[in-house]
Each structure stands twice: as C-alpha cells, then as structure tokens.
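What follows is one structure encoded as structure tokens, with my remarks underneath.
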2 protein chains.
Amino acid sequence: MANQTTSGSHRAAPVHTDPDEVSLLTALSALADSVRLQLIRELAGSPDWTRSCGSFDVPVGKAALSHHFSVLRGAGLVEQRDEGPKRVNRLRREEFDVRFPGLLDLILRADDPE
Amino acid sequence: MANQTTSGSHRAAPVHTDPDEVSLLTALSALADSVRLQLIRELAGSPDWTRSCGSFDVPVGKAALSHHFSVLRGAGLVEQRDEGPKRVNRLRREEFDVRFPGLLDLILRADDPE
DNA sequence: GGCACTGTAAGATGCTCATCGAACACTCGG
DNA sequence: CCGAGTGTTCGATGAGCATCTTACAGTGCC
C-alpha cells in the first residue's frame with residue numbers, strides 16, 4: 001500500500017475541513033463552547049503532533065471529547081493524524097488565520113474577567 | 001421632570017453591559033447566531049442612533065427580535081436609547097474593539113463561502 | 001381621551017446540542 | 001492470539017435556547 005506520510009494506518013482517516021470552506025458562523029459556533037476553548041488553548045501550548053485526544057484535561061467523557069474534536073475538525077481548527085493507537089493533534093494556526101485573521105490570536109490571548 | 005440627555009423617557013432603561021465585563025465565551029456565543037450577525041452587519045452599515053429595533057430586515061417576530069437585542073446588549077455589542085416610542089441603536093465599535101481587538105472587524109469583513 | 005405604533009414580558013413549544021453509557025474497531029505488546 | 005489502551009459510533013437523555021403567541025406598557029398624534 002502507498003506508504004502514507006504518517007505511517008500506514010488501516011483505520012478510517014479523520015474527516016477534515018479546510019478553513020477556506022468554513023463559514024464565519026461555523027467558526028464562531030465551534031469556538032463558542034468552554035470545553036472546546038479549553039482544548040484549543042491547551043493544544044496551543046504544546047508542540048504540534050504531541051498531544052493525543054485523551055491527553056487533555058477536560059471534564060467530559062471520551063465520547064463527548066471525540067465529538068468536540070469532530071467539531072473542531074469541521075471548523076478547520078484542528079488537524080488529526082493517527083499515530084499507532086493514538087490520534088494526535090495539531091492546531092491549524094496559519095491556515096485558520098488566513099481565513100479568519102486575528103481570531104485565533106484573540107482566543108489565545110483573551111483574559112477573562114473573573 | 002429632569003430633562004435627560006436623550007429626551008425624558010419614563011420607560012425602564014435598557015440594561016447594558018460594559019464590554020470590559022464580558023467574557024470571551026459570552027461574546028462568541030452572542031456572535032454565533034445568524035440573526036444576530038445580520039443585525040450587527042446591518043447596524044454597522046448605518047450611522048449611529050438611526051436604526052430602531054423594528055427597522056431591521058430579519059426573519060423573526062418582534063418578540064424574538066427583542067430577545068436578540070437583549071443578548072447583544074449583554075455582550076457589550078450594542079447600546080440602546082429610547083427616542084420617543086422607538087428604541088434606537090448604536091454599535092459599540094471602539095469599546096468592543098478595545099476588549100476584543102479585531103473581532104468586530106472580522107465579523108464585518110468576513111465573506112462567507114456560499 | 002383614544003388609538004396606532006413600538007417594544008417588552010411571560011408562558012409554551014420545539015429543536016439543537018452537549019453529555020453519558022455501552023458496544024465496537026483498531027493498534028500494539030506480551 | 002489475547003488483552004490493555006485509545007478512540008469512534010450509536011441511542012438516549014436532558015438542558016438550553018430560539019421562536020411564537022398573547023398580553024401588557026409607554027409614546028406620540030389626532
């Protein structure tokens with residue numbers, strides 16, 4: 001079989017959406033959730049491809065977690081790749097920033113009034 | 001009666017929230033709605049204090065419309081003032097931009113892929 | 001004062017979505 | 001080949017929210 005970039009996996013590849021095809025409403029809806037914000041921030045604090053889905057400290061079960069990553073993929077925010085039994089993540093900084101300039105920076109910088 | 005800045009109104013003044021007190025999640029949630037996006041865009045295209053609530057071309061009844069404006073006020077996006085029987089609006093561009101730099105510009109510029 | 005106009009408040013409804021539990025699929029190491 | 005670890009899918013559940021209808025409260029004009 002064609003040797004894939006990652007390392008041959010026989011699993012169903014995760015479905016990605018290019019940021020260019022994402023509507024503003026979709027992007028905002030994806031970001032308007034505390035769990036997903038937390039995921040993005042935590043992901044931003046780690047090097048690319050170093051964090052598996054289960055390695056995030058969020059207060060939801062793994063089913064919900066899987067759902068959230070699906071939403072983030074659909075919004076062009078996260079890219080995933082299978083690495084052995086794990087699915088590792090990468091924040092699509094540049095690409096997303098081209099589509100929605102400044103939005104990601106805003107999310108990562110914002111200090112909330114609490 | 002005390003002549004107010006606007007012009008004396010005996011009505012309950014609309015409750016506003018300062019953008020500084022708005023959390024990122026609140027702002028994003030307020031923006032993650034097609035009707036409210038439409039309101040903001042239409043409002044941005046008109047001079048301040050020239051648009052009454054009922055003057056917007058959105059596909060909802062006036063009760064829902066009133067609700068949406070309430071959400072926008074709570075997110076520090078819109079300021080309202082009573083002018084006679086009407087309630088006129090103003091987009092809080094500068095103030096909101098200080099709290100969330102670039103966000104409003106992003107919303108107003110974004111061309112959706114359709 | 002009465003009436004049209006404008007917007008809010010309250011209650012009901014329906015839909016979307018975040019969540020969970022359980023079952024399943026895949027990978028890797030013994 | 002089994003078993004532990006990882007993640008997805010499915011069905012169900014519950015909460016939140018956008019919406020509507022109806023009723024109500026101001027405002028201004030005749």
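Labels below follow one simple rule: chain letters A, B, ... track the order of the sequence lines, proteins then strands, and each chain is numbered from 1. Treat the numbers as computed from the prediction; the structure is a model and nothing was measured. The figures that follow rest on heavy atoms only: side chains count, while hydrogens, waters and symmetry mates do not.
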Rounded interatomic separation in angstrom, taking [atom1] from [X] and [atom2] from [N]:
{"X": "B:Glu83", "N": "D:dT27", "atom1": "CD", "atom2": "P", "value": "13 Å"}
{"X": "A:Leu72", "N": "D:dT8", "atom1": "CG", "atom2": "P", "value": "12 Å"}
{"X": "A:Asp82", "N": "D:dT8", "atom1": "CG", "atom2": "C1'", "value": "11 Å"}
{"X": "B:Arg11", "N": "D:dG26", "atom1": "CZ", "atom2": "P", "value": "9 Å"}
{"X": "B:Arg87", "N": "D:dA25", "atom1": "CZ", "atom2": "P", "value": "16 Å"}
{"X": "A:Leu39", "N": "D:dG7", "atom1": "CG", "atom2": "P", "value": "12 Å"}
{"X": "B:Lys86", "N": "D:dA25", "atom1": "NZ", "atom2": "C1'", "value": "18 Å"}
{"X": "A:Leu65", "N": "D:dT9", "atom1": "CG", "atom2": "C1'", "value": "15 Å"}

Once side-chain contact (heavy atoms from CB on, under 4.5 Å) is applied, do any residues pair with A:Ser34, and if so which ones, sequence neighbours excluded? B:Leu25

Residues in side-chain contact (heavy atoms from CB on, under 4.5 Å) with A:Ala44, at least two apart?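 Applying side-chain contact (heavy atoms from CB on, under 4.5 Å) to A:Ala44 gives A:Leu91, A:Arg93, A:Leu108.
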
Lys/Arg-Asp/Glu bridge criterion (N-O < 4.0 Å) met for B:Glu83, B:Arg81: yes

With sequence neighbours excluded, residues passing side-chain hydrogen bond (donor to acceptor under 3.5 Å, both in side chains) with A:Ser55: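 A:Ser55 satisfies side-chain hydrogen bond (donor to acceptor under 3.5 Å, both in side chains) with A:Arg51 once adjacent residues are dropped.
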
What residues, two or more places apart in sequence or in another chain, satisfy side-chain hydrogen bond (donor to acceptor under 3.5 Å, both in side chains) together with A:Ser52?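 With sequence neighbours excluded, A:Ser52 shows a side-chain hydrogen bond (donor to acceptor under 3.5 Å, both in side chains) to no residue whatsoever.
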
Residue pairs, two or more places apart or on separate chains, that pass side chain to side chain donor-acceptor pair (under 3.5 Å) and touch residues 95-107 of chain B: B:Arg90-B:Glu95, B:Arg92-B:Glu95

Output a table of donor-acceptor pairs, distance under 3.5 Å, between side-chain atoms of residues 62-74 of chain B and any protein atom two or more places apart or on a different chain; print 'none' if there are none.
from    : atom 1 : to      : atom 2 : distance (Å)
B:His68 : ND1    : B:Arg36 : NH1    : 3.1
B:Arg73 : NE     : B:Val15 : O      : 3.0
B:Arg73 : NH1    : B:Gln80 : OE1    : 2.5

For DNA chain C, which residues of residues 43-54 of chain A approach it to below 4.0 angstrom with any heavy atom? none

Test: ring pair (Phe, Tyr, Trp, His ring centres under 6.0 Å). Region: residues 79-103 of chain A. Which pairs qualify, not counting sequence neighbours? A:Phe96-A:Phe100

Side chain to side chain contact (heavy atoms under 4.5 Å, CB included) evaluation trace for A:Leu77 with A:Leu43: CA-CA 11 Å; A:Leu77 276 160; A:Leu43 189 54; over 6 Å; no

Remaining members of A:Val88's ILVMFWY cluster at a side-chain heavy-atom cut-off under 4.5 Å? A:Trp49

Given side chain to side chain contact (heavy atoms under 4.5 Å, CB included), test A:Ile40 with A:Leu104 step by step and report yes or no. CA-CA 9 Å; A:Ile40 290 176; A:Leu104 208 40; 4.2 Å; yes

How would nucleotides 12-20 of chain D be written as a contact map, 5' to 3', with B for base contact, S for sugar-phosphate-only contact and - for no contact, using protein heavy atoms under 4.0 Å? ------SBS

Angle between terminal axes - the helix from C:dG1-D:dC30 to C:dG30-D:dC1, 5 pairs each end, rounded to 10°: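 Both end axes considered, the difference amounts to 20°.
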
